[in-house]
Amino acid sequence: MQQTYWLTNVILEQGYIREGTEVTGTQTGLSHLRIENGVIAAVLDGSEQLTDNLPQIDGKGLLLLPSFEEAHIHLDKTYYDGPWRAVRRISSIFDRMEEEKVLLPKLLPEARRQAESLLALIQSYGSTHVRAHCNIEPVSGVRRLEVTKQALDRYAGRLSSEIVAFPQHGLYHSNSVQLMVQAMAEGATHVGGLDPYTVDKNMERTLHTMVELAVKHQAGIDMHLHDSGEAGKQTLLELVRLTEEAGLHGQVTVSHAFWFASAEQQEAEEMAGRMASLGMSVASTVPIGKTMMPLPMLRQAGVNVKLATDSLTDHWSPFGSGDMLEKAGRFAELYGYSDELSLSQSLAVITGGVTPLNAAGERVWPKTGDPASFVLVHASCAAEAVARRSHREAVWYQGQMVSGKNEPHL
C-alpha cells in the first residue's frame, strides 16, 4: 500500500568544497523528504519545521545515497546458502560446459531457494535493480528461467529486474536456438550470447540470430564476450554494425568485453567511440591482473560502464560478495581514484549513472519527482562511502523500506 510520510533528518550533499581549483571536501546538510506514491514529492531544509500530521521516519543523520544496480548476476546456479565448494580446475570453457551438464541437474532442486537468498543478500547491500542471466541450454531447457522468474516474482514490489536468456553452452554449439525462442516468449527481457567466434565457430550467424530474436521480441541484447585478439575485435565490430542496422540504440550490453584489456589504444578508443554513439553498455566485474580493463577510457568515451557481481560462489568462481558498494570501492582503488571528486563521481558506476552531485558540484539528486529508491549509509559523503565501503542501515525501493531494522516481511 502506498502512503505519504516524511523521512526526516537525512544528510544530503550540497556541493563541493574547493581550495583553488581542487575539490577537497563535500558540503552536506540535514534535509527532510516527503515521500508520496513511491516518489520524492518534496525536499526541505532540515531547519524547517514540519507542521502537518503525516507520519515521520527519523533518518538519524545518516547519509542518503541513490540505490544501486546489480548489472550482471547468475541467480540460477550458485552455491550460496549451501555447502561450501571450491572451483574445479579446467583447461577450457568447453570443460566447464561438460561439468555443467552433470552439475546443473543436481543444483536445480535448491535453485529457487538459493536465488531468493541471493536476492536478499544483494538487496541488504543496497541494490534495488537486478539483471539476472539464466542458463538456456538442452540440459536445463527453460527450467532455470522458470526458477529465476519465481525468485524475482517473490521480490515483486521490492526491486525491479531484467532477465537475460543466456545460451551458456553456445547458441549453435548446443543447438539452443529454439530454446531461446521459447525463453523469449516466456518472459526473458534480453537475448544473451557467449563468445560466438570461439564457441559457435560462426560469429556472423550467431550475432544475426541474436539480433533477429531481439527485434522480433522487442528485447535488448546482453552478450558475454571473453574473446581477445582478432576474435574479440571482429565480434565487436559486427555487433556494432548490427546494432546500428537494427536500430537497437541503447539496448545492447557487452558483458566483460575483455578484448579492450589487450587492444591497441587507438583501436580501443575508436571502438569505444562507435559503441558510445549507439548507446551501448559494458558490464564489468572489475577484474584484476592481465585482464585489467580500461574502464576510465570507456567512460570518458561515453560508453555506459556498469559494475556487476557476475558469479557469486559457484562452480565458475568461489569469490563475490554481492556488495556493489564494495565493487565501486575496488574500481576507485584500482584506477587511482583517491581524491574527493573522483571518489564521489565513482558512485555512478553502480547507480545507473546517478550521483548526488554532478562533476561541477551542483546537486542533481534527489529532486522532486525522483523515485524514492535510496540507501541510508553510515558515511559523511559519497566519497567516504565508496572509499570505506560504509555500512548500509536501510534500503528503500519506490517509497517502501525493503531492507533494514523495520523491513516488512515477505
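Sequential numbering from 1 along the given sequence is applied to the chain's residues. For the numbers below, each heavy atom of this structure counts, side chains included, while hydrogens, waters and symmetry mates do not.
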| said: Under the criterion side chain to side chain contact (heavy atoms under 4.5 Å, CB included), I'd like the reasoning laid out for V375 against L325: C-alpha separation, chi angles, the key distance, then a yes or no. | reply: CA-CA 11 Å; V375 189; L325 193 57; over 6 Å; no
| Looking at N202, V177, V181, V191, which one forms a side-chain contact (heavy atoms from CB on, under 4.5 Å) with T209? | V177
Would you check if there is a donor-acceptor pair between the side chains of [Y] and [X] at a distance under 3.5 Å?
{"X": "S67", "Y": "T128", "result": "yes"}
{"X": "S160", "Y": "H129", "result": "yes"}
{"X": "Q168", "Y": "H224", "result": "no"}
{"X": "H190", "Y": "Q251", "result": "no"}
{"X": "E99", "Y": "H315", "result": "no"}
{"X": "E270", "Y": "Q266", "result": "yes"}
{"X": "S390", "Y": "E384", "result": "no"}
{"X": "Q234", "Y": "E230", "result": "yes"}
{"X": "S161", "Y": "Y155", "result": "no"}
{"X": "T253", "Y": "R131", "result": "yes"}

Would you mind reporting whether [Y] and [X] have side-chain heavy atoms less than 4.5 Å apart?
{"X": "V252", "Y": "L278", "answer": "no"}
{"X": "S317", "Y": "D310", "answer": "no"}
{"X": "L242", "Y": "M210", "answer": "no"}
{"X": "T206", "Y": "V199", "answer": "no"}

Side chain [X], main chain [Y], donor-acceptor under 3.5 Å:
{"X": "H32", "Y": "N9", "value": "yes"}
{"X": "R143", "Y": "V139", "value": "yes"}
{"X": "E137", "Y": "S140", "value": "yes"}
{"X": "K306", "Y": "G352", "value": "no"}
{"X": "T78", "Y": "D314", "value": "no"}

Gap between atom [atom2] of [Y] and atom [atom1] of [X] - 0.5 Å precision:
{"X": "Q182", "Y": "I136", "atom1": "CD", "atom2": "CD1", "answer": "8.0 Å"}
{"X": "M401", "Y": "E393", "atom1": "CE", "atom2": "CD", "answer": "8.5 Å"}
{"X": "L63", "Y": "L376", "atom1": "CG", "atom2": "CG", "answer": "8.5 Å"}
{"X": "L298", "Y": "M275", "atom1": "CG", "atom2": "CE", "answer": "7.0 Å"}
{"X": "S344", "Y": "L341", "atom1": "OG", "atom2": "CG", "answer": "6.5 Å"}
{"X": "F260", "Y": "M293", "atom1": "CZ", "atom2": "CE", "answer": "6.5 Å"}

Do other residues, nucleotides or ligands put more than 12 heavy atoms under 6.0 Å from the [atom1] atom of [X]?
{"X": "E186", "atom1": "CD", "answer": "yes"}
{"X": "Y5", "atom1": "OH", "answer": "yes"}
{"X": "R388", "atom1": "CZ", "answer": "no"}
{"X": "Q56", "atom1": "CD", "answer": "yes"}

| Can you list the residues that meet the ring pair (Phe, Tyr, Trp, His ring centres under 6.0 Å) rule with F331, with sequence neighbours excluded? | Y335, Y337
| Between R330 and E326, is the closest basic N to carboxylate O distance under 4.0 Å? | yes
| Could R389 and D323 be called an ion pair, given the rule that one side-chain N must be under 4.0 Å from one carboxylate O? | no
| task | Identify the residue among R144, K77, H74 that makes a side-chain hydrogen bond (donor to acceptor under 3.5 Å, both in side chains) with N135. | result | K77
Considering all heavy atoms, the nearest [X]-[Y] contact:
{"X": "D370", "Y": "V364", "result": "OD2-O, 4.5 Å"}
{"X": "I221", "Y": "A214", "result": "CG1-CB, 3.7 Å"}
{"X": "H249", "Y": "S277", "result": "NE2-O, 3.2 Å"}
{"X": "D222", "Y": "S255", "result": "OD1-OG, 2.6 Å"}
{"X": "M180", "Y": "A165", "result": "CE-O, 3.2 Å"}
{"X": "P366", "Y": "L64", "result": "CG-CD2, 4.4 Å"}

| field | Derivation and outcome, side-chain hydrogen bond (donor to acceptor under 3.5 Å, both in side chains), residues E269 and Q265 | value | CA-CA 6 Å; E269 290 175 352; Q265 181 177 345; 2.9 Å; yes
| message | For a side chain to side chain contact (heavy atoms under 4.5 Å, CB included) check, start with the C-alpha distance between E70 and L159, then their side-chain angles and the critical distance, and finish with the verdict. | response | CA-CA 11 Å; E70 170 55 77; L159 51 74; over 6 Å; no
| Audit row: H173, D200, side-chain hydrogen bond (donor to acceptor under 3.5 Å, both in side chains) steps and yes/no | CA-CA 5 Å; H173 181 73; D200 284 337; 5.6 Å; no
| task | Output, in order, the C-alpha distance, side-chain angles, deciding distance and verdict of side chain to side chain contact (heavy atoms under 4.5 Å, CB included) for W259 and V254. | result | CA-CA 11 Å; W259 173 79; V254 183; over 6 Å; no
| request: Test salt bridge (Lys or Arg N to Asp or Glu O under 4.0 Å) on R241 and E245 and set out the steps. | output: CA-CA 6 Å; R241 187 185 72 80; E245 183 180 276; 3.1 Å; yes
| Taking it one step at a time, do R112 and E116 satisfy salt bridge (Lys or Arg N to Asp or Glu O under 4.0 Å)? | CA-CA 6 Å; R112 175 180 172 178; E116 291 176 1; 3.0 Å; yes
| task | Please step through side chain to side chain contact (heavy atoms under 4.5 Å, CB included) for the pair T26 and Y16, ending with a clear verdict. | result | CA-CA 4 Å; T26 301; Y16 289 131; 3.8 Å; yes
| message | So that I know where these two stand, are H256 and H133 an aromatic pair - ring centroids less than 6.0 Å apart? | response | no
